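In what follows, a single structure is set out as structure tokens and then discussed.
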Amino acid sequence: MNGVHDMGGTHGHGPIAPEDEKHEPLWHAPWEARMLGITRGMTYPKGFNIDRFRHIRELMPPALYLARSYYDHWYAVCVAALLNGGLATREEIKSGHAAPGSARRNDAARGDQVWQSQKTQGIFTRELTTPPLFAIGQRVRARNINPTGHTRLPRYVRGKLGVVRIHHGGHVFPDTNAHMQGEAPQHLYTVAFSMRELWGADASARDETCVDLWESYLEPA
Amino acid sequence: MTRIAIPAYDGAVNAEVSVTESLSDHPHHHDHAHDHAGSEVPSDPALRTKALESLLIDKGLVDPAAIDAWVDAYESRIGPRRGAQIVARAWVDPQFKARLLQDATRAIEPFGFLGREGQHIVVLENTPTVHNLVVCTLCSCYPWGLLGLPPRWYKAAPYRARSVIDPRGVLAEFGVVLGDEVEVRVWDSTAEIRYLVLPERPAGTDGLSEAELAELVTRDAMIGVVKVEGPKGRKP
Amino acid sequence: MSQHSHDHDLAHHHDIHAELPSDPALRVKALESLLTEKGLVDPAAIDAWIEIYESKIGPRNGAKVVAKAWVDPAYKQRLLSDGSKAIGELDFLGRQGQHIVAVENTPEVHNLVVCTLCSCYPLSVLGLPPAWYKSAPYRSRAVIDPRGVLKEFGLELPEHVKIRVWDSTAEVRYLVLPERPAGTEHLSEEQLAALVTRDSMIGVGKVSAK
Amino acid sequence: MNSIHDLGGMHGFGAIEAERDEPPFHEPWEGRAGGILEVMTFPAGFTVDRFRYLRETLRPDLYLTQTYYEQWIYIAEQVLLESGMISPEELARGKARPPKRTDAMRAAAVWSFLHDRTHSGRDLDQKPRFAIGQRVLARSMQPAGHTRLPRYARGKIGSIVSHHGAHVLPDASAHGRGDMPQHLYSVRFAARALWGENAHPRDSVHLDLWESYLEPA
């Protein structure tokens with residue numbers, strides 16, 4: 001979707017104002033740590049995945065997305081996942097307590113399982129039997145598509161010409177996975193685009209941006 | 001005062017210009033020490049407007065009676081009835097219609113509508129095969145002199161974002177479902193040209209006078225989000 | 001191209017936010033209580049996750065990779081040809097399986113990592129991303145004005161240097177291998193690792209000998 | 001600038017909420033705010049393009065949450081501050097310091113002001129570069145200041161539908177660089193050229209674009 005999350009090349013967000021690396025705290029408030037722990041440790045609806053997580057984040061109301069901080073986005077995603085998965089009700093979210101007599105589960109990830117689970121989760125490469133369509137060094141064009149659902153093809157590269165730099169093998173396809181329509185793995189490539197191609201004649205002639213793009217985002221050029 | 005870098009009025013790009021975000025109780029979203037609540041209410045715009053008006057009066061920068069006159073102009077004198085008169089005339093007078101489509105600015109001169117942006121009007125004719133729709137994706141440009149103040153939805157993000165990428169979906173939300181054979185032409189008002197849609201004359205209006213026809217013409221039809229309906233209670 | 005995709009059912013959560021307290025501390029506390037009561041989360045698991053990122057996974061991991069690559073040319077070769085495997089050799093306690101590509105800074109090429117679409121980051125070698133990495137100003141500008149961004153970090157690159165921005169749109173994670181600073185020939189691998197900053201491994205800083 | 005105001009083609013804003021029998025102003029303060037921005041004394045050289053540009057500088061989340069007339073108040077505050085007509089202290093405290101000017105527009109002048117508003121058409125000796133029907137490419141440009149070339153049309157090919165004569169160039173006028181008039185054209189872009197093969201084959205979008213936004217295709 002062409003949401004506010006697709007920020008590449010947009011203006012108006014002000015200076016970056018980084019904190020000094022040496023002094024930036026890991027958390028800017030204690031609740032941020034709790035929210036990270038909740039997000040990592042909670043029980044999600046069946047079939048939930050990282051792409052769905054990202055897509056729900058994108059579906060936040062645009063002004064909230066812009067106004068709220070990072071872990072507060074996670075809060076919004078968790079709440080949406082609970083509501084949409086029927087794991088909690090609006091009233092429960094508001095009150096912070098389970099409705100009297102509601103079911104209690106006993107299958108949440110336990111504290112002593114966390115270490116192992118963090119070591120094994122999140123492998124997104126998949127074996128593919130089909131050969132890659134594109135070769136390293138080949139010129140390709142990012143397709144001009146504007147899906148209303150989840151995609152990892154940023155607006156700023158659509159319609160632009162680039163060169164394949166790296167072939168990463170088969171990877172889970174976010175555009176289907178986010179909608180729980182299967183992993184549908186595709187070949188993944190890193191494609192380099194010159195800054196002039198992306199931003200016009202005033203951009204640097206030397207600089208480039210490399211973007212990881214799935215095969216169906218690309219066409220031969 | 002938060003300071004952000006914006007190209008300045010004097011042409012010097014990226015000069016520091018004070019902005020008034022601090023007046024609106026919002027912690028800046030780059031300031032991580034603050035809470036980023038979404039339900040925070042901006043300072044009451046009524047109070048903010050009142051404070052600004054008093055200050056301007058004190059400085060002699062505005063005459064409150066002039067504000068009254070401006071409000072009155074748009075509340076009671078300038079509105080979509082003007083556009084409706086033009087549309088009705090075009091429906092009954094083929095020569096006028098031809099002139100209107102050829103050079104709208106000149107054709108509507110005799111109406112004496114004082115024209116905010118009246119000098120650059122383009123009229124777009126809807127037909128059974130072509131449907132025109134007007135938007136301003138970048139701000140809220142609108143033919144004020146002919147339609148008065150734009151409705152709130154015209155200025156809001158959903159319409160501005162979607163009418164160029166999904167005009168048929170937008171039209172369907174307004175109750176207009178167009179067949180695949182119809183060509184949809186969206187006009188994004190990026191300059192000072194102002195667009196007015198000449199809707200199709202509804203069937204069953206042959207016996208109506210120009211004034212009666214004008215009564216049927218709605219603001220939304222002249223933006224292009226609906227069609228003009230025939231008179232109620234009459235059979236086509 | 002209807003606006004209302006198959007996911008419009010997700011949108012119904014939007015309006016709940018207006019009814020909730022604005023203070024995220026209160027909201028998160030309420031959420032944690034609720035999830036605990038319903039058996040959807042184990043508070044000890046939350047503690048364990050926090051512990052992992054506070055003391056086990058952080059930029060020291062990445063710094064070790066960088067320092068090793070500086071002192072061991074064969075390792076550097078392996079790192080640049082297959083980052084995941086080379087990092088796996090170091091047997092970090094951290095998350096395994098991240099698909100990592102290491103990109104080398106040289107006097108001619110400067111690499112910079114961003115995620116314009118969300119906040120993807122090489123967690124296993126750098127820990128949690130800093131706040132600025134996740135913010136709109138960095139995400140929006142790194143791809144269109146990398147030189148301006150670097151300037152804000154105090155890094156002004158000569159015109160002849162080629163900048164390569166890496167926008168992490170997939171599950172591939174990028175780690176910048178910064179240039180080894182001059183005057184560090186006498187330092188041990190461990191001493192070198194102490195010099196390596198997180199920012200230099202994102203590409204917004206250089207490593208200095210001091 | 002590629003800011004949040006450039007909304008064309010974006011998703012995620014939900015349904016269009018049309019209101020039946022919408023009043024000109026929803027609150028009395030909206031009328032006051034509208035009136036202030038029309039009849040107040042502006043600094044010399046102020047233009048409608050500067051007005052639009054200042055609106056674009058509003059913080060992106062506020063741009064999406066504030067109503068139209070709230071944004072006008074923001075614009076008024078910016079104009080007054082950047083021109084020095086009002087100091088930050090005066091604005092923050094709501095108290096004016098002397099001197100008081102005596103040249104504000106009077107009520108009697110409002111109607112003729114609305115009538116005689118200057119417009120953006122200008123005479124230009126230079127011949128138009130493009131002809132009706134010609135194929136043109138909207139340039140890929142990313143100015144940090146004001147422009148009226150939306151992102152969604154950049155790098156896309158369209159055709160000239162009409163020529164409107166020469167008009168003040170907003171990119172210059174918004175930043176105190178004078179009128180710099182250029183030829184202005186309506187350019188038609190097929191929906192498929194803008195949005196790809198899933199767009200409707202019969203649909204098109206028309207934009208009014210200045211000559212320097214375009215090159216022959």
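Note that the structure is a prediction, hence the values are computed from the model and not measured. Convention: sequence-line order gives letters A, B, ...; per-chain numbering from 1.
Top candidate by heavy-atom pairs under 4.5 Å with chain A, chosen from Ser33(C), Ala170(C), Ala44(C), Ala30(C), is Ala170(C). Of the listed residues (Ile50(C), Leu117(C), Thr116(C), Asp47(C)), the greatest number of heavy-atom pairs within a distance under 4.5 Å of chain A belongs to Leu117(C). The residue among Ala98(A), Ser95(A), Pro25(A) with the most heavy atom pairs within less than 4.5 Å of chain C is Ala98(A). Highest contact tally toward chain C, considering only Pro30(A), Ala192(A), Ala109(A), Ser204(A), is held by Ala109(A) [criterion: heavy-atom pairs under 4.5 Å]. Ranked by heavy-atom pairs under 4.5 Å with chain C, the list Leu198(A), Asp107(A), Val172(A), Leu82(A) is led by Leu82(A). Note on Gly41(A), Ala205(A), Gly9(A): by heavy-atom pairs under 4.5 Å with chain C, the leading option is Gly9(A). Chain C forms the most heavy-atom pairs under 4.5 Å with one residue out of Asp112(A), Asn106(A), Ile93(A), and that residue is Ile93(A). Interface summary for chain A: among Ser140(C), Pro130(C), Ala45(C), the most heavy-atom pairs under 4.5 angstrom belong to Ser140(C).
Scanning all heavy atoms of the two residues, the minimum distance from Thr10(A) to Arg141(C) falls at O-CG, 4.4 Å. Minimum interatomic distance between Cys78(A) and Leu31(C) (heavy atoms only, all atoms of both residues): CB-CD2, 4.3 Å. Listed here is the closest heavy atom pair of Gly14(A) and Pro137(C): O-CB, 3.3 Å.
Here the side chains of Pro146(C) and Met195(A) are in contact, with some heavy-atom distance below 4.5 Å. Inter-residue side-chain proximity for Arg40(A) and Tyr53(C) is flagged as met; some heavy-atom pair is nearer than 4.5 Å. Residues Asp207(A) and Val165(C) fail the side-chain proximity criterion, which asks for heavy atoms closer than 4.5 Å. Annotation: side chain of Asp167(C) is in contact with side chain of Pro154(A) (closest heavy-atom distance under 4.5 Å). In this structure, the side chains of Arg54(A) and Cys120(C) come closer than 4.5 Å at one or more pairs of heavy atoms. For the pair Val114(C)/Thr209(A), no side-chain contact is recorded, criterion being any heavy-atom separation below 4.5 Å from C-beta on. Between Ser119(C) and Tyr70(A), the closest side-chain pair of non-hydrogen atoms falls below 4.5 Å. Side-chain contact between Trp199(A) and Val143(C) is present, with heavy atoms from C-beta onward closer than 4.5 Å.
Thr169(C) OG1 to Leu213(A) CG: the interatomic distance, rounded to the nearest 0.5 Å, is 5.0 Å. In this structure, Trp49(C) CH2 and Thr39(A) OG1 are separated by 10.5 Å, a value rounded to the nearest 0.5 Å. We find the OG1-CZ distance between Thr36(C) and Arg104(A) to be 8.0 Å, quoted to the nearest 0.5 Å. The NZ atom of Lys134(C) sits 4.0 Å away from the OH atom of Tyr71(A) when rounded to the nearest 0.5 Å. The distance from atom NZ of Lys29(C) to atom CD1 of Ile38(A), rounded to the nearest 0.5 Å, is 12.0 Å. Considering CG of Leu128(C) and CH2 of Trp27(A), their distance stands at 5.0 Å, rounded to 0.5 Å.
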Applying side chain to side chain contact (heavy atoms under 4.5 Å, CB included), run through Thr43(A) and Val41(C) and close with a yes or a no. CA-CA 6 Å; Thr43(A) 303; Val41(C) 80; over 6 Å; no
Would you please test Ile46(C) and Arg34(A) for side chain to side chain contact (heavy atoms under 4.5 Å, CB included) and show each step? CA-CA 7 Å; Ile46(C) 300 178; Arg34(A) 301 312 293 173; 3.5 Å; yes
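Atom NZ of Lys68(C) has more than 12 heavy atoms from other residues, nucleotides or ligands within 6.0 Å. Within a 6.0 Å radius of CD in Gln77(C), other residues, nucleotides and ligands contribute 12 heavy atoms or fewer.
Neither the backbone nor the side chain of Tyr44(A) comes within less than 4.5 Å of any heavy atom in chain C. Arg57(A) touches chain C through its side chain: at least one heavy atom from C-beta onward sits under 4.5 Å away, while N, CA, C and O do not. Proximity to chain C is limited to the side chain of Leu188(A), based on heavy atoms less than 4.5 angstrom apart. The contact between Arg165(A) and chain C is made entirely by side chain atoms (from C-beta outward), counting heavy-atom distances below 4.5 Å. Of the two parts of Trp74(A), neither the backbone nor the side chain holds a non-hydrogen atom closer than 4.5 Å to a non-hydrogen atom of chain C. Using a 4.5 Å cut-off between heavy atoms, Pro18(A) touches chain C through backbone and side chain atoms alike. Residue Ala203(A) does not touch chain C at all, counting heavy-atom pairs closer than 4.5 Å. Residue contact with chain A, scored on non-hydrogen atoms closer than 4.5 Å, is absent for Val109(C). Proximity to chain C is absent for every atom of His73(A), based on heavy atoms less than 4.5 angstrom apart. Using a 4.5 Å cut-off between heavy atoms, Glu54(C) contacts chain A through both its backbone and its side chain. Of the two parts of Ala33(A), the backbone and the side chain both hold a non-hydrogen atom closer than 4.5 Å to a non-hydrogen atom of chain C. The part of Leu35(C) that comes within reach of chain A is its side chain, from C-beta onward, which places non-hydrogen atoms under 4.5 angstrom from that chain. Contact annotation for Thr151(A): only backbone heavy atoms (N, CA, C, O) come within less than 4.5 Å of a heavy atom of chain C.
Using a 4.0 Å cut-off between charged side-chain N and carboxylate O, Glu171(C) and Arg126(A) make no salt bridge.
Looking at Glu152(C), its side chain does come within 3.5 Å of a backbone N or O of Ile16(A) through a donor-acceptor pair. In terms of modelled atom types and a separation under 3.5 Å, the side chain of Trp166(C) and the main chain of Asp212(A) share no donor-acceptor contact. At distances below 3.5 Å, at least one donor-acceptor pair connects side-chain atoms of Glu21(A) with backbone N or O atoms of Arg198(C). Between the side chain of Arg105(A) and the main chain of Lys38(C), no donor-acceptor pair closer than 3.5 Å is present. In this structure, Asp42(C) contributes its side chain and Ala108(A) its backbone to no donor-acceptor pair below 3.5 Å. The backbone N or O of Ala131(C) lies less than 3.5 Å from a partner atom in the side chain of Glu24(A), making a donor-acceptor pair.
Side chains of Tyr174(C) and Thr190(A): a donor on one and an acceptor on the other come within 3.5 Å.
Ring-plane geometry between His168(A) and His99(C) is classed as perpendicular, the angle between the planes exceeding 60 degrees on a 0 to 90 degree scale with a lower cut at 30.
Remark: of the listed residues Arg152(A), His5(A), Met7(A), His55(A), Arg152(A) is the sole one forming a side-chain contact (heavy atoms from CB on, under 4.5 Å) with Cys118(C).
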